[in-house]
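Worksheet: one structure, shown below.
Note that these values count all heavy atoms, side chains included, but never hydrogens, waters or copies made by symmetry.
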Amino acid sequence: MRSDIEDAILGMYDSIERAREAQAAAGHLDQGARQGITSGKHLDPIAAIIRDDLINAGFHPDEVYDQGRMCTLPGWFHPTKNWGLAGA
């Protein structure tokens, strides 16, 4: 496994635990393991690796969206879904 991917995956678990602890400290309780993932930031390092790999594979940086409104697409269960990464 590539070391950057391994680091991102291991870091994901640290991020989930930090989010869970922060939510518990604030008095918010989600059911089961949701506490650690509802912050939405635990996959950011993996998305950054995928973004870089897409650009290195020939995508123009303007074709890879990883921030803001450019990642909002129609949703199935909701009118829109904000994705961490989208390519055109």
Side chain to side chain, Ile9 and Met1, heavy atoms closer than 4.5 Å: yes
May I ask whether Leu10 and Leu43 are part of the same hydrophobic cluster, defined by side-chain heavy atoms of I, L, V, M, F, W, Y residues being less than 4.5 angstrom apart, directly or through others? no
Can you pull the salt bridge (Lys or Arg N to Asp or Glu O under 4.0 Å) pairs that have at least one residue in residues 44-55, sequence neighbours excluded? Arg2-Asp53, Arg51-Asp66
Which atom pair, heavy atoms only, marks the closest approach of Ile49 to Asp4? CD1-O, 3.3 Å
Any chance you could measure Asp7, atom CG, to Asp14, atom CG, to the nearest 0.5 Å? 10.5 Å
Roughly how far, to the nearest 0.5 Å, is the OH atom of Tyr65 from the CG atom of Asp62? 7.0 Å
How far apart are the C-alpha atoms of Ile55 and Val64, what are their side-chain angles, what is the distance that settles it, and do they pass the side chain to side chain contact (heavy atoms under 4.5 Å, CB included) test? CA-CA 8 Å; Ile55 292 169; Val64 181; 4.2 Å; yes
Strictly below 4.0 Å, N to O, side chains only: are Glu17 and Arg20 in salt-bridge contact? yes
